[in-house]
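Side-chain atoms are counted along with the backbone in the values below, which use heavy atoms only and exclude waters and symmetry mates. Every value quoted in this text rests on a predicted model; they were computed, and no experiment measured them.
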Amino acid sequence: MYAGGGSGEVARGLAAVDVAAIPGRSGWLVRNALRDRLGAAGDATARYRLDVRLDDTLEGFALLSDDTIGRERRALRARYQLVDLADGTIVLDATAGSDAGIDVVSSEYATIAAEQTALENLARDVADRIVTQVALELRESGPGAP
């Protein structure tokens, strides 16, 4: 898929993807992770735009005997579209997501830190999944595609 390294067709295609702004803290984390992975800081002129909508949920479960929450699940889901800027067509319309379990401990600070760390890890994971799917799409629809 990455034949030719940084100068290969897929790498050039990924560098030509502009990531639209995504609202919220989770959006900021996902957008930065996407830009890091796409090589968007390069000199490539944008040929595609990646539009991402996120759903970040944090829910408690595993009630303890004293009716407190003992565990939480953080889920980050993304619906994204890769848009060809030349004609406005949607090249790819897909979803990606990831979940993390968090232990709720007696220290509120430790629990909040764990929730934030989970969000950072989920943002990287979702960005990886998006970039993989975009790379596959660019490989299949590129000039050398069968």
Seminar exercise, completed: So CG of Leu29 and CG of Asn121: to nearest 0.5 Å the spacing works out to 10.0 Å
For this session: For residues Gly27 and Ile22, report the shortest heavy-atom separation together with the two atoms involved.
Result: CA-CG2, 3.4 Å
Seminar exercise, completed: In short, Asp18 meets Ala46 closest at the heavy-atom pair CB-CB, 3.9 Å
Exercise. Side chain of Thr111, backbone of Val105: donor and acceptor closer than 3.5 Å?
Worked result: yes
For this session: Of all the heavy-atom pairs spanning Leu138 and Gly13, show the shortest one and how long it is.
Result: CD1-C, 3.6 Å
For this session: Take Val52 and Leu34 through the test side-chain contact (heavy atoms from CB on, under 4.5 Å) and record every step on the way to the result.
Result: CA-CA 10 Å; Val52 181; Leu34 285 168; 4.2 Å; yes
Exercise. Any sub-3.5 Å donor-acceptor pair from Arg139's side-chain atoms to Ala135's backbone N or O?
Worked result: no
Problem set entry | Under-4.0 Å salt bridge between Arg124 and Asp36 | no
For this session: Find out if a path of hydrophobic residues (ILVMFWY) with successive side-chain heavy-atom gaps under 4.5 Å connects Leu54 to Val83.
Result: no
Exercise. Does Leu82 reach the side chain of Ile90, with side-chain heavy atoms less than 4.5 Å apart?
Worked result: no
Exercise. How about Asp84 and Tyr48: do any of their side-chain heavy atoms sit closer than 4.5 Å?
Worked result: yes
Exercise. Do you see a donor-acceptor pair shorter than 3.5 Å between the side chains of Arg53 and Gln81?
Worked result: no
Problem set entry | Candidates Val17, Leu92, Val131 - the one meeting side-chain contact (heavy atoms from CB on, under 4.5 Å) with Leu50 | Val17
Exercise. In terms of hydrophobic clusters joined by side-chain contacts under 4.5 Å, are Leu85 and Leu14 together?
Worked result: no
Problem set entry | Modelled atom types, side-chain donor and acceptor of Asn32 and Arg35, under 3.5 Å | no
Seminar exercise, completed: In this structure, CZ of Arg73 is separated from OG1 of Thr57 (nearest 0.5 Å) by 8.5 Å
Seminar exercise, completed: Heavy-atom closest pair (Ala33 atom, Ala127 atom, distance to 0.1 Å) is CB-CB, 3.5 Å
For this session: First locate atom CG of Asp56, then atom CG of Leu119, and finally report the distance between them rounded to the nearest 0.5 Å.
Result: 5.0 Å
Exercise. How many angstroms lie between CD in Glu137 and CD in Gln133, if you round to the nearest 0.5 Å?
Worked result: 7.5 Å
Exercise. What pair of heavy atoms forms the shortest contact from Ile130 to Ala96, and how long is it?
Worked result: CG1-CB, 4.1 Å
For this session: For a side chain to side chain donor-acceptor pair (under 3.5 Å) with Arg79, tell me which candidate from Thr95, Asp51, Asp93 qualifies.
Result: Asp93
Problem set entry | Reported CG-to-CD distance for the pair Asp125 and Glu120, which is rounded to 0.5 angstrom | 14.0 Å
Problem set entry | Spatial distance of atom CZ (Arg74) from atom OG1 (Thr117) [nearest 0.5 Å] | 10.0 Å
Exercise. Side chain of Arg49, backbone of Ala20: donor and acceptor closer than 3.5 Å?
Worked result: no
Exercise. Can Arg71 and Asp103 be counted as an ion pair, charged N to O under 4.0 angstrom?
Worked result: yes
Exercise. Considering residues, nucleotides and ligands other than Glu59, do more than 12 of their heavy atoms fall under 6.0 Å from its CD?
Worked result: yes
Exercise. Side chains of Leu76 and Asp99: closer than 4.5 Å at any heavy-atom pair?
Worked result: no
Exercise. Any link between Val91 and Tyr80 through a network of hydrophobic side chains (Ile, Leu, Val, Met, Phe, Trp, Tyr) touching at under 4.5 Å?
Worked result: yes
